[in-house]
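Worksheet: the structure to be examined is printed underneath.
FYI, the numbering just counts along the sequence from 1. Ligands are counted one by one from 1 in listed order, and the atoms in each one are counted from 1 as well. From a predicted model like this one, the values you see are computed outputs, not experimental measurements.
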Amino acid sequence: MSILVTGGAGYIGSHVVVELLNKGEKVVILDNFCNSERSTADRIRQITNKNVLDYLVDITDARAVDRIFALHGFECVIHFAALKAVGESVQNPFAYYHNNVAGMLVLLKAMQKYNVKQLVFSSSATVYGIQDSNPIYETADRSAISPYGQTKIMCENIISDLAKADPKFSAISLRYFNPVGAHSSYLIGENPKGAPNNLMPIIANVATKKTQKMSVYGNDYDTFDGTCIRDYIHVVDLAVGHIHALEYIRCHKGMTSVNLGTGSGVSVLQAIETFESVNDVRVPYDVIDRRKGDSAVLVANVDKAKHILNWQAKIDFNTMCRDQYGWATRCNKV
Ligand code: NAD
Ligand code: WQD
(Lines give C-alpha, C1' and ligand atoms only; values in the text may rest on other atoms or scores of the structure.)
(Ligands and ions follow the chains in the order given, each with its own letter.)
Protein backbone atom coordinates (compact mmCIF):
# COMPACT_ATOMS: atom_id res chain seq x y z
CA MET A 1 0.00 0.00 0.00
CA SER A 2 1.15 3.51 -0.58
CA ILE A 3 1.38 6.74 1.38
CA LEU A 4 -0.34 9.90 0.20
CA VAL A 5 1.77 13.00 0.75
CA THR A 6 -0.26 16.18 0.24
CA GLY A 7 1.96 19.18 -0.43
CA GLY A 8 4.73 16.68 -1.22
CA ALA A 9 6.38 19.01 -3.76
CA GLY A 10 6.88 21.66 -1.08
CA TYR A 11 9.89 22.39 1.09
CA ILE A 12 9.33 19.97 3.97
CA GLY A 13 7.16 17.53 1.99
CA SER A 14 9.83 16.92 -0.68
CA HIS A 15 12.43 16.06 1.99
CA VAL A 16 9.98 13.68 3.66
CA VAL A 17 9.22 12.00 0.31
CA VAL A 18 12.97 11.40 -0.16
CA GLU A 19 13.21 9.74 3.28
CA LEU A 20 10.09 7.65 2.62
CA LEU A 21 11.39 6.42 -0.76
CA ASN A 22 14.78 5.65 0.78
CA LYS A 23 12.93 3.52 3.33
CA GLY A 24 11.28 1.57 0.50
CA GLU A 25 7.80 3.10 0.92
CA LYS A 26 5.53 3.71 -2.09
CA VAL A 27 4.57 7.37 -2.30
CA VAL A 28 1.95 9.41 -4.16
CA ILE A 29 2.25 13.22 -4.13
CA LEU A 30 -0.79 15.48 -4.38
CA ASP A 31 0.02 19.17 -4.84
CA ASN A 32 -1.43 22.18 -6.65
CA PHE A 33 2.10 23.65 -6.98
CA CYS A 34 0.94 27.05 -5.72
CA ASN A 35 4.19 27.33 -3.77
CA SER A 36 6.41 24.72 -5.45
CA GLU A 37 7.63 23.48 -8.81
CA ARG A 38 6.34 20.57 -10.85
CA SER A 39 9.99 19.59 -11.47
CA THR A 40 10.37 18.63 -7.79
CA ALA A 41 9.26 15.04 -8.44
CA ASP A 42 12.03 14.68 -11.06
CA ARG A 43 14.57 15.98 -8.55
CA ILE A 44 13.31 13.51 -5.96
CA ARG A 45 13.69 10.71 -8.53
CA GLN A 46 17.23 11.91 -9.23
CA ILE A 47 18.14 11.83 -5.52
CA THR A 48 16.54 8.49 -4.71
CA ASN A 49 16.58 6.58 -7.98
CA LYS A 50 13.02 5.61 -7.10
CA ASN A 51 9.76 6.45 -8.79
CA VAL A 52 7.10 8.72 -7.32
CA LEU A 53 3.73 9.69 -8.78
CA ASP A 54 2.67 13.32 -8.56
CA TYR A 55 -0.83 14.65 -9.20
CA LEU A 56 -1.69 18.29 -9.83
CA VAL A 57 -4.73 18.48 -7.55
CA ASP A 58 -6.02 21.10 -5.14
CA ILE A 59 -6.76 19.68 -1.72
CA THR A 60 -10.00 21.69 -1.53
CA ASP A 61 -11.30 20.01 -4.72
CA ALA A 62 -13.35 17.18 -3.21
CA ARG A 63 -14.06 15.38 -6.50
CA ALA A 64 -10.43 15.37 -7.58
CA VAL A 65 -9.25 14.22 -4.14
CA ASP A 66 -11.85 11.45 -4.17
CA ARG A 67 -10.59 10.29 -7.57
CA ILE A 68 -7.02 9.94 -6.23
CA PHE A 69 -8.23 7.91 -3.25
CA ALA A 70 -10.30 5.70 -5.59
CA LEU A 71 -7.22 5.03 -7.76
CA HIS A 72 -4.83 4.12 -4.92
CA GLY A 73 -5.10 2.03 -1.79
CA PHE A 74 -3.57 4.38 0.75
CA GLU A 75 -2.36 3.08 4.08
CA CYS A 76 -1.67 6.52 5.48
CA VAL A 77 -1.70 10.25 4.70
CA ILE A 78 0.98 12.82 5.53
CA HIS A 79 -0.69 16.19 5.19
CA PHE A 80 1.55 19.17 4.37
CA ALA A 81 -0.63 21.03 1.85
CA ALA A 82 -1.32 24.42 3.37
CA LEU A 83 -0.60 28.10 3.05
CA LYS A 84 1.98 29.14 5.63
CA ALA A 85 2.76 32.88 5.64
CA VAL A 86 1.75 34.45 8.95
CA GLY A 87 1.56 38.06 7.62
CA GLU A 88 -0.38 37.06 4.50
CA SER A 89 -2.88 35.20 6.70
CA VAL A 90 -3.63 38.45 8.54
CA GLN A 91 -4.23 40.23 5.19
CA ASN A 92 -6.27 37.41 3.65
CA PRO A 93 -7.70 35.19 6.40
CA PHE A 94 -10.35 33.64 4.15
CA ALA A 95 -7.72 32.07 1.88
CA TYR A 96 -6.09 30.53 4.96
CA TYR A 97 -9.26 29.14 6.53
CA HIS A 98 -10.40 27.83 3.14
CA ASN A 99 -7.13 26.26 2.08
CA ASN A 100 -5.98 24.94 5.45
CA VAL A 101 -9.23 24.08 7.26
CA ALA A 102 -11.66 23.36 4.40
CA GLY A 103 -8.84 21.44 2.66
CA MET A 104 -8.30 19.36 5.80
CA LEU A 105 -12.05 18.53 5.90
CA VAL A 106 -12.01 17.39 2.27
CA LEU A 107 -9.04 15.16 3.04
CA LEU A 108 -10.62 13.70 6.20
CA LYS A 109 -13.86 12.96 4.34
CA ALA A 110 -11.97 11.02 1.66
CA MET A 111 -10.00 9.20 4.36
CA GLN A 112 -13.27 8.18 6.05
CA LYS A 113 -14.86 7.04 2.80
CA TYR A 114 -11.85 4.94 1.80
CA ASN A 115 -11.17 3.66 5.30
CA VAL A 116 -7.74 5.26 5.66
CA LYS A 117 -7.07 5.46 9.39
CA GLN A 118 -3.58 6.94 9.77
CA LEU A 119 -2.68 10.60 9.56
CA VAL A 120 0.47 12.63 10.13
CA PHE A 121 -0.40 16.32 10.32
CA SER A 122 1.98 19.28 9.84
CA SER A 123 1.36 21.61 12.72
CA SER A 124 3.59 24.41 13.92
CA ALA A 125 5.18 26.02 16.95
CA THR A 126 3.02 28.96 15.93
CA VAL A 127 0.16 27.30 17.89
CA TYR A 128 1.97 28.35 21.08
CA GLY A 129 1.72 32.08 20.28
CA ILE A 130 3.72 34.16 22.74
CA GLN A 131 5.03 32.14 25.69
CA ASP A 132 6.68 33.45 28.84
CA SER A 133 8.48 30.29 29.78
CA ASN A 134 10.80 28.10 27.71
CA PRO A 135 11.41 25.40 26.67
CA ILE A 136 7.85 24.83 25.52
CA TYR A 137 6.11 21.57 26.37
CA GLU A 138 3.31 20.14 24.23
CA THR A 139 0.97 20.78 27.16
CA ALA A 140 1.47 24.58 26.96
CA ASP A 141 -1.60 26.67 26.14
CA ARG A 142 -2.26 27.06 22.45
CA SER A 143 -2.80 30.76 21.88
CA ALA A 144 -1.87 31.51 18.27
CA ILE A 145 -2.51 35.09 17.33
CA SER A 146 -2.60 34.90 13.52
CA PRO A 147 -5.27 33.33 11.30
CA TYR A 148 -2.55 30.95 10.06
CA GLY A 149 -1.91 29.80 13.63
CA GLN A 150 -5.63 29.51 14.24
CA THR A 151 -5.97 27.16 11.23
CA LYS A 152 -3.37 24.85 12.78
CA ILE A 153 -5.21 24.83 16.13
CA MET A 154 -8.54 24.17 14.38
CA CYS A 155 -7.10 21.28 12.38
CA GLU A 156 -5.55 19.78 15.53
CA ASN A 157 -8.95 20.02 17.26
CA ILE A 158 -10.80 18.43 14.35
CA ILE A 159 -8.32 15.54 14.18
CA SER A 160 -8.47 15.06 17.94
CA ASP A 161 -12.30 14.85 17.90
CA LEU A 162 -12.26 12.34 15.05
CA ALA A 163 -9.73 10.20 16.92
CA LYS A 164 -11.93 10.25 20.02
CA ALA A 165 -14.95 9.16 17.98
CA ASP A 166 -13.19 6.39 16.04
CA PRO A 167 -11.11 3.92 18.07
CA LYS A 168 -9.38 2.72 14.87
CA PHE A 169 -8.04 6.17 13.98
CA SER A 170 -4.41 7.07 14.67
CA ALA A 171 -2.98 10.51 14.16
CA ILE A 172 -0.02 12.59 15.16
CA SER A 173 0.29 16.35 14.99
CA LEU A 174 3.91 17.40 14.55
CA ARG A 175 4.62 20.90 15.78
CA TYR A 176 7.67 22.06 13.84
CA PHE A 177 9.81 24.82 15.27
CA ASN A 178 11.93 26.66 12.64
CA PRO A 179 12.84 24.38 9.71
CA VAL A 180 15.92 25.50 7.74
CA GLY A 181 18.62 24.13 5.42
CA ALA A 182 18.26 21.86 2.44
CA HIS A 183 19.10 18.36 1.20
CA SER A 184 22.86 17.93 0.78
CA SER A 185 22.39 17.18 -2.96
CA TYR A 186 21.08 20.78 -3.27
CA LEU A 187 18.46 19.44 -5.68
CA ILE A 188 15.61 20.27 -3.29
CA GLY A 189 15.16 23.05 -0.77
CA GLU A 190 12.80 25.88 0.04
CA ASN A 191 11.58 27.47 -3.18
CA PRO A 192 8.93 30.01 -2.25
CA LYS A 193 7.11 31.93 -4.95
CA GLY A 194 7.74 35.57 -4.09
CA ALA A 195 9.96 37.08 -1.42
CA PRO A 196 10.89 34.83 1.52
CA ASN A 197 9.39 35.56 4.96
CA ASN A 198 11.72 33.61 7.20
CA LEU A 199 15.07 34.57 8.64
CA MET A 200 17.39 31.99 7.04
CA PRO A 201 16.25 32.41 3.40
CA ILE A 202 16.44 36.18 3.96
CA ILE A 203 20.04 35.85 5.22
CA ALA A 204 20.85 33.65 2.20
CA ASN A 205 19.40 36.25 -0.19
CA VAL A 206 21.69 38.92 1.25
CA ALA A 207 24.69 36.58 1.21
CA THR A 208 24.09 35.80 -2.48
CA LYS A 209 23.55 39.53 -3.17
CA LYS A 210 19.93 39.10 -4.32
CA THR A 211 19.22 41.80 -1.78
CA GLN A 212 21.71 44.31 -0.38
CA LYS A 213 20.90 44.32 3.31
CA MET A 214 18.54 42.78 5.80
CA SER A 215 16.70 44.04 8.86
CA VAL A 216 17.08 42.63 12.34
CA TYR A 217 13.74 43.08 14.08
CA GLY A 218 14.72 44.54 17.44
CA ASN A 219 17.78 44.20 19.69
CA ASP A 220 16.08 45.19 22.95
CA TYR A 221 14.58 41.82 23.90
CA ASP A 222 15.33 40.25 27.24
CA THR A 223 17.85 37.80 25.75
CA PHE A 224 21.65 37.56 26.07
CA ASP A 225 22.29 39.77 22.99
CA GLY A 226 18.91 41.51 22.80
CA THR A 227 17.71 39.66 19.65
CA CYS A 228 15.05 36.94 19.45
CA ILE A 229 15.96 33.32 20.03
CA ARG A 230 14.50 30.46 17.98
CA ASP A 231 14.90 26.70 17.72
CA TYR A 232 16.16 26.10 14.17
CA ILE A 233 15.99 22.53 12.92
CA HIS A 234 17.56 21.08 9.77
CA VAL A 235 14.86 20.01 7.31
CA VAL A 236 16.47 16.57 6.88
CA ASP A 237 16.31 15.97 10.65
CA LEU A 238 12.69 17.07 10.50
CA ALA A 239 12.01 14.68 7.62
CA VAL A 240 13.52 11.77 9.54
CA GLY A 241 11.22 12.73 12.44
CA HIS A 242 8.26 12.01 10.13
CA ILE A 243 9.51 8.49 9.47
CA HIS A 244 9.58 7.89 13.23
CA ALA A 245 6.11 9.45 13.56
CA LEU A 246 4.80 7.12 10.87
CA GLU A 247 6.21 4.10 12.70
CA TYR A 248 4.55 5.38 15.87
CA ILE A 249 1.05 5.76 14.42
CA ARG A 250 1.30 2.38 12.73
CA CYS A 251 1.13 0.85 16.21
CA HIS A 252 -0.64 3.44 18.40
CA LYS A 253 -4.30 4.48 18.14
CA GLY A 254 -5.64 7.89 19.15
CA MET A 255 -4.16 11.33 18.54
CA THR A 256 -1.11 12.98 20.06
CA SER A 257 0.94 16.13 19.44
CA VAL A 258 4.73 16.23 19.43
CA ASN A 259 7.25 19.09 19.16
CA LEU A 260 9.94 18.68 16.51
CA GLY A 261 12.86 20.95 17.31
CA THR A 262 16.42 20.60 18.56
CA GLY A 263 15.78 21.92 22.07
CA SER A 264 18.49 24.59 21.60
CA GLY A 265 18.08 28.27 20.84
CA VAL A 266 20.00 30.52 18.44
CA SER A 267 19.64 34.33 18.41
CA VAL A 268 19.17 36.38 15.24
CA LEU A 269 22.67 37.86 15.57
CA GLN A 270 24.19 34.43 16.23
CA ALA A 271 22.42 33.15 13.09
CA ILE A 272 23.85 35.97 10.96
CA GLU A 273 27.38 35.63 12.41
CA THR A 274 27.43 31.84 12.04
CA PHE A 275 26.14 32.07 8.47
CA GLU A 276 28.90 34.57 7.63
CA SER A 277 31.71 32.54 9.15
CA VAL A 278 30.63 29.08 7.90
CA ASN A 279 30.15 30.32 4.33
CA ASP A 280 32.80 33.05 4.29
CA VAL A 281 30.28 35.67 3.17
CA ARG A 282 29.07 39.08 4.33
CA VAL A 283 25.52 39.70 5.51
CA PRO A 284 25.03 43.43 6.12
CA TYR A 285 22.08 44.36 8.32
CA ASP A 286 20.34 47.23 10.08
CA VAL A 287 18.61 46.89 13.40
CA ILE A 288 15.05 48.19 13.15
CA ASP A 289 11.97 48.09 15.41
CA ARG A 290 10.56 44.86 16.75
CA ARG A 291 8.20 42.93 14.46
CA LYS A 292 4.67 42.76 15.85
CA GLY A 293 3.77 39.38 17.32
CA ASP A 294 7.34 38.06 17.85
CA SER A 295 8.13 36.15 21.04
CA ALA A 296 11.56 36.86 22.57
CA VAL A 297 12.29 33.13 22.87
CA LEU A 298 10.65 30.03 21.36
CA VAL A 299 12.52 26.79 22.04
CA ALA A 300 11.04 23.30 22.05
CA ASN A 301 11.09 20.86 24.88
CA VAL A 302 11.95 17.70 22.93
CA ASP A 303 11.52 15.05 25.62
CA LYS A 304 8.28 13.70 24.18
CA ALA A 305 9.80 13.23 20.70
CA LYS A 306 12.76 11.39 22.25
CA HIS A 307 10.53 9.31 24.44
CA ILE A 308 7.66 8.27 22.18
CA LEU A 309 9.22 8.59 18.73
CA ASN A 310 12.74 7.56 19.66
CA TRP A 311 13.93 10.50 17.57
CA GLN A 312 16.12 13.48 18.15
CA ALA A 313 17.67 16.09 15.88
CA LYS A 314 21.35 15.46 15.04
CA ILE A 315 22.42 18.15 12.58
CA ASP A 316 24.19 21.21 14.03
CA PHE A 317 23.56 24.86 13.26
CA ASN A 318 26.79 25.22 11.22
CA THR A 319 25.53 22.55 8.82
CA MET A 320 22.13 24.26 8.65
CA CYS A 321 23.92 27.46 7.53
CA ARG A 322 26.13 25.59 5.04
CA ASP A 323 23.17 23.83 3.44
CA GLN A 324 21.01 26.95 3.36
CA TYR A 325 23.78 28.71 1.42
CA GLY A 326 24.56 25.68 -0.75
CA TRP A 327 20.93 25.55 -1.83
CA ALA A 328 20.72 29.32 -2.35
CA THR A 329 23.74 29.30 -4.67
CA ARG A 330 22.68 26.22 -6.65
CA CYS A 331 18.86 26.13 -6.70
CA ASN A 332 18.45 28.12 -9.90
CA LYS A 333 21.14 26.20 -11.74
CA VAL A 334 19.90 22.60 -11.46
P1 NAD B 1 5.57 24.81 1.23
O2 NAD B 1 4.73 25.95 0.83
O3 NAD B 1 6.93 24.69 0.68
O4 NAD B 1 4.81 23.43 0.95
C5 NAD B 1 3.41 23.33 0.96
C6 NAD B 1 3.01 22.62 -0.32
O7 NAD B 1 1.59 22.51 -0.33
C8 NAD B 1 3.42 23.40 -1.57
O9 NAD B 1 4.01 22.51 -2.49
C10 NAD B 1 2.11 23.95 -2.10
O11 NAD B 1 2.13 24.08 -3.51
C12 NAD B 1 1.12 22.90 -1.60
N13 NAD B 1 -0.24 23.41 -1.42
C14 NAD B 1 -0.65 24.51 -0.75
N15 NAD B 1 -1.98 24.63 -0.82
C16 NAD B 1 -2.42 23.55 -1.51
C17 NAD B 1 -3.70 23.10 -1.91
N18 NAD B 1 -4.81 23.81 -1.67
N19 NAD B 1 -3.80 21.94 -2.60
C20 NAD B 1 -2.69 21.22 -2.89
N21 NAD B 1 -1.46 21.61 -2.56
C22 NAD B 1 -1.32 22.76 -1.87
O23 NAD B 1 5.60 24.83 2.83
P24 NAD B 1 6.45 23.94 3.84
O25 NAD B 1 7.40 24.84 4.52
O26 NAD B 1 6.94 22.72 3.16
O27 NAD B 1 5.32 23.59 4.88
C28 NAD B 1 4.66 22.33 4.87
C29 NAD B 1 3.70 22.27 6.03
O30 NAD B 1 4.42 22.49 7.24
C31 NAD B 1 2.61 23.33 5.99
O32 NAD B 1 1.42 22.75 6.46
C33 NAD B 1 3.09 24.39 6.96
O34 NAD B 1 2.03 25.11 7.53
C35 NAD B 1 3.83 23.55 7.98
N36 NAD B 1 4.89 24.27 8.70
C37 NAD B 1 5.90 24.87 8.02
C38 NAD B 1 6.90 25.54 8.72
C39 NAD B 1 8.01 26.27 8.01
O40 NAD B 1 8.62 27.17 8.61
N41 NAD B 1 8.36 25.91 6.79
C42 NAD B 1 6.87 25.58 10.12
C43 NAD B 1 5.82 24.94 10.77
C44 NAD B 1 4.84 24.28 10.05
C1 WQD C 1 12.85 34.16 13.13
C2 WQD C 1 13.46 35.30 13.91
C3 WQD C 1 12.35 37.42 13.66
C4 WQD C 1 13.25 37.98 9.46
C5 WQD C 1 7.74 31.62 11.57
C6 WQD C 1 6.27 31.39 11.73
C7 WQD C 1 6.03 30.04 12.31
C8 WQD C 1 6.73 28.93 11.53
C9 WQD C 1 8.17 29.25 11.35
C10 WQD C 1 5.14 28.07 9.93
C11 WQD C 1 12.42 36.20 14.55
C12 WQD C 1 13.76 37.48 13.11
C13 WQD C 1 13.18 37.47 10.73
C14 WQD C 1 14.04 39.17 9.24
C15 WQD C 1 14.59 39.20 11.58
N16 WQD C 1 6.18 28.79 10.21
N17 WQD C 1 13.83 38.05 11.76
N18 WQD C 1 14.66 39.71 10.31
O19 WQD C 1 8.68 34.08 13.29
O20 WQD C 1 10.00 32.30 14.52
O21 WQD C 1 8.34 31.63 12.86
O22 WQD C 1 8.31 30.56 10.78
O23 WQD C 1 4.46 27.46 10.67
O24 WQD C 1 4.65 29.88 12.26
O25 WQD C 1 5.75 32.40 12.57
O26 WQD C 1 10.40 32.67 12.08
O27 WQD C 1 12.08 33.06 10.35
O28 WQD C 1 10.13 34.65 10.50
O29 WQD C 1 11.84 34.68 12.29
O30 WQD C 1 15.17 39.75 12.51
O31 WQD C 1 14.11 39.69 8.14
O32 WQD C 1 14.18 36.15 12.99
O33 WQD C 1 12.05 38.59 14.36
O34 WQD C 1 12.89 36.56 15.80
P35 WQD C 1 9.34 32.77 13.28
P36 WQD C 1 11.10 33.77 11.19
- Is there any N or O on Ile12 that sits under 3.5 Å from an N or O of ligand 1? yes

- Which ligand 2 atoms, with their elements, are less than 4.0 angstrom from a heavy-atom of Val216? 30 (O)

- Item | For Ser36, the ligand 1 atoms whose distance to one of its heavy atoms is below 4.0 Å | 8 (C), 9 (O), 11 (O)

- Message: Geometry only, no angles: is Thr60 polar-contacting ligand 1 at N/O separations under 3.5 Å?
- Response: no

- Message: Does ligand 1 come near enough to Asn198 that some N or O of the ligand is less than 3.5 Å from an N or O of the residue?
- Response: no

- For the residue pair Val299 and Ser264, establish whether any side-chain heavy-atom pair is separated by less than 4.5 Å. no

- Message: Under 4.5 Å side-chain heavy-atom separation, chaining through any Ile, Leu, Val, Met, Phe, Trp or Tyr, what else clusters with Tyr217? Say none if it is isolated.
- Response: Ile288

- Task: Any atoms of ligand 2 less than 4.0 Å from a non-hydrogen atom of Ser215? List them with their elements.
- Result: 14 (C), 15 (C), 18 (N), 30 (O), 31 (O)

- Query: Is it the case that more than 12 heavy atoms not belonging to Lys304 sit under 6.0 Å from its NZ atom?
  - Reply: yes

- Task: Kindly give the cluster partners of Leu56, where membership spreads through any ILVMFWY side chain lying under 4.5 Å from a current member.
- Result: Phe33

- Sub-4.0 Å atoms of ligand 2 with respect to non-hydrogen atoms of Tyr148: 10 (C), 23 (O), 24 (O)

- Decide whether the shortest distance between a heavy atom of Ala9 and an atom of ligand 1 is less than 4.0 Å. yes

- Numbered atoms of ligand 1 (with element) below 4.0 Å of Val57, judged on heavy atoms: 19 (N), 20 (C)

- Task: Run down the list Tyr128, Tyr217, Tyr232, Tyr285 and name the one with the heavy atom closest to atom 1 (C) of ligand 2.
- Result: Tyr232

- Message: Test of understanding: given a 4.0 Å heavy-atom threshold, classify the contact between Phe33 and ligand 1 as side chain, backbone, both, or neither.
- Response: backbone

- Query: Are Arg230 and Asp294 close enough for a salt bridge, meaning some N to O gap below 4.0 Å?
  - Reply: yes

- Min N/O separation Ile59 to ligand 1 under 3.5 Å: yes

- Heavy-atom contacts with Cys34 under 4.0 Å: which atoms of ligand 1 show up? List them by number with element. 10 (C), 11 (O), 13 (N), 14 (C), 15 (N)

- Working for ring pair (Phe, Tyr, Trp, His ring centres under 6.0 Å), residues Tyr248 and His244: CA-CA 6 Å; Tyr248 179 82; His244 287 240; over 10 Å; no

- Item | ligand 1-proximal atoms of Asn99, by part, heavy-atom distance under 4.0 Å | side chain

- Task: Check Val180, Ile315, Asn198 against Tyr232 for a side chain to side chain contact (heavy atoms under 4.5 Å, CB included) and give me the one that passes.
- Result: Val180

- Message: If we set the cut-off at 4.0 Å for heavy atoms, which region of Ile202 has an atom near ligand 2: side chain, backbone, both, or neither?
- Response: side chain

- Item | Test: Asp237 and Lys314 ion pair at under 4.0 Å | no

- Salt-bridge present (Lys164, Asp161; N to O < 4.0 Å): yes

- Task: Measure from atom 25 (O) of ligand 2 to every heavy atom in Asn219, Ile229, Val86 and give the option owning the shortest one.
- Result: Val86

- Task: Mind checking whether Ser123 contacts ligand 1 via backbone (N, CA, C, O), side chain (CB onward), both or neither, at a 4.0 Å heavy-atom cut-off?
- Result: backbone

- Cys228 heavy atoms, cut-off 4.0 Å: which ligand 2 atoms fall inside? 34 (O)

- Query: Which of the atoms of ligand 2 are close to Asn197, meaning less than 4.0 Å from one of its heavy atoms?
  - Reply: 28 (O)

- Item | Geometric N/O contact Asn178 with ligand 2, under 3.5 angstrom | yes

- Below 3.5 angstrom, do we get any N/O pair linking His79 and ligand 1? no

- atom 31 (C) of ligand 1 - nearest protein heavy atom and its distance: Phe80 O, 3.1 Å

- Item | Proximal ligand 1 atoms for Tyr148, defined as those under 4.0 Å from one of its heavy atoms | 33 (C), 34 (O), 35 (C), 36 (N), 44 (C)

- Query: Does the ring pair (Phe, Tyr, Trp, His ring centres under 6.0 Å) test come out yes or no for His242 and Tyr176, once each step is laid out?
  - Reply: CA-CA 11 Å; His242 287 69; Tyr176 316 147; 5.3 Å; yes

- Message: Within the 4.5 Å heavy-atom criterion, are Leu246 and Leu20 side-chain neighbours or not?
- Response: yes

- Task: Looking only at distances, please establish whether an N/O atom of ligand 2 is found under 3.5 Å from an N/O atom of Leu199.
- Result: yes

- Any N or O of Glu190 that comes nearer than 3.5 Å to an N or O of ligand 1? no

- Can you pull out the closest protein heavy atom to atom 24 (P) of ligand 1? Residue, atom name and distance to 0.1 Å, please. Lys84 NZ, 3.8 Å

- Message: Suppose I only count heavy atoms of Tyr11 and a 4.0 Å limit; which atoms of ligand 1 are within that range?
- Response: 1 (P), 3 (O), 4 (O), 25 (O), 26 (O)

- Task: Consider every N or O of Ser124 and every N or O of ligand 1, then say whether any pair is closer than 3.5 Å.
- Result: no

- Message: Under 3.5 Å between any N/O of Phe177 and any N/O of ligand 1: does that happen in this structure?
- Response: no

